[in-house]
Amino acid sequence: MPTTAAPPPITPPRFATARLDALPLEPAYAEEMAAVLADPALYGFTGGEPPAPAALRVRYERQCAGSPDPGERWWNWVLRVRAAGDGEAGGEAGGELVGYVQATVRGSRAEIAWVVGTPWQGRGYASEAARGLAAHLASAGGVRELVAHIHPDHAASAAVALAAGLGPTGEWEDGERRWAASVTPPPVP
């Protein structure tokens, strides 16, 4: 008798990297994240402007409610720098929020994105988070294809995509190049 794989959960499982805890998005993070996202320079390639805390809370409530499409999952995490001496991966305690990663998961394909606030850029956090996200989606989310869309002049974001194993394709959408990668689950011990 054939079985159908269960869809991934609405709330994404947390994950951790060497220096970051990726915590499932909650509306309670809106005020702190509004400060992280406050620099207008963050929107130079994507458009938009820094969100007000109240508007960000409303957006987070909508994102946490999930996609209206039952075949699609909106997985969002905030990135918290693990505090010095906090060796517990995935612990609630830690340092400050520095950005976010997100994945729109449809079947075995995920469209991913990342943002790290201006004060924390240049420390490798975005690359570390994107690599961790790719590995997490392959192992916990059943994802086999990753896709990202990057403005052709955004060299830093292209470097993050490369670090996560994505490569540029010849496809374009809304003035952004499509980057893609096939991922494989980790071997079963």
Side-chain angles (χ1 to χ4, degrees), residues 5 7-9 11-25 33 36-37 39 41-48 63 66-67 69 71-82 89-90 97-118 120-188:
T11 301
R14 65 180 25 198
F15 68 95
T17 66
R19 301 177 295 163
L20 302 168
D21 288 322
L23 307 173
L25 181 68
M33 283 301 296
V36 170
L37 303 173
D39 186 350
L42 282 175
Y43 308 90
F45 292 107
T46 60
Q63 289 174 324
S67 172
D69 179 344
E72 181 175 87
R73 295 290 180 252
W74 294 344
W75 281 0
N76 298 277
W77 297 264
V78 294
L79 301 171
R80 184 174 301 281
V81 175
R82 198 166 301 111
L97 295 181
V98 298
Y100 66 86
V101 291
Q102 61 187 36
T104 300
V105 180
R106 179 176 272 291
S108 64
R109 180 176 185 251
E111 174 121 7
I112 63 172
W114 50 84
V115 173
V116 169
T118 306
W120 302 277
Q121 291 179 2
R123 301 179 193 187
Y125 289 145
S127 292
E128 181 177 326
R131 280 191 307 269
L133 176 62
H136 180 66
L137 290 171
S139 65
V143 169
R144 300 297 170 257
E145 179 186 8
L146 298 175
V147 174
H149 289 88
I150 300 172
H151 190 282
D153 297 329
H154 200 328
S157 200
V160 171
L162 283 170
L166 282 79
T169 71
E171 297 176 43
W172 293 78
E173 184 176 318
D174 296 329
E176 294 182 321
R177 181 184 295 270
R178 181 179 188 265
W179 289 62
S182 294
V183 294
T184 55
V188 177

Polar side-chain atom of E145 near backbone of A180 as donor-acceptor pair, under 3.5 Å: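 Between the backbone of A180 and the side chain of E145 there is no qualifying donor-acceptor contact (under 3.5 Å).
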Residues forming a salt bridge (Lys or Arg N to Asp or Glu O under 4.0 Å) with [X], sequence neighbours excluded:
| X | answer |
| --- | --- |
| R144 | none |
| E176 | none |
| E171 | R178 |
| R19 | E128 |

Do [X] and [Y] come within less than 4.5 Å of each other through their side chains, counting heavy atoms only?
| X | Y | value |
| --- | --- | --- |
| V36 | Y100 | no |
| T17 | Y125 | no |
| L79 | L97 | no |
| L133 | W77 | yes |
| H136 | P13 | yes |

Report the C-alpha distance between L25 and Q63 in whole Å, list the side-chain angles of each, state the deciding distance to 0.1 Å, and finish with yes or no for side chain to side chain contact (heavy atoms under 4.5 Å, CB included). CA-CA 8 Å; L25 181 68; Q63 289 174 324; 3.2 Å; yes
Side chain to side chain contact (heavy atoms under 4.5 Å, CB included) filter on A110, not counting sequence neighbours, yields A103, V105, I112, L137, V143, L146
Taking distance alone, no hydrogens or angles, what donor-acceptor pairs closer than 3.5 Å link side-chain atoms of residues 150-160 to residues at least two apart or in another chain?
{"unit_1": "H151", "atom_1": "ND1", "unit_2": "D153", "atom_2": "N", "d": "3.0"}
{"unit_1": "H154", "atom_1": "ND1", "unit_2": "S157", "atom_2": "N", "d": "3.2"}
{"unit_1": "S157", "atom_1": "OG", "unit_2": "W114", "atom_2": "NE1", "d": "3.3"}

Identify whether the distance between the nearest side-chain nitrogen and carboxylate oxygen of R82 and D21 falls below 4.0 Å.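 The answer is yes: the pair qualifies as a salt bridge.
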Which pair of heavy atoms, one from [X] and one from [Y], lies closest together, and at what distance?
| X | Y | answer |
| --- | --- | --- |
| R177 | T169 | NH1-O, 2.6 Å |
| W75 | P12 | CG-CB, 3.4 Å |
| A164 | R131 | CA-CG, 3.9 Å |

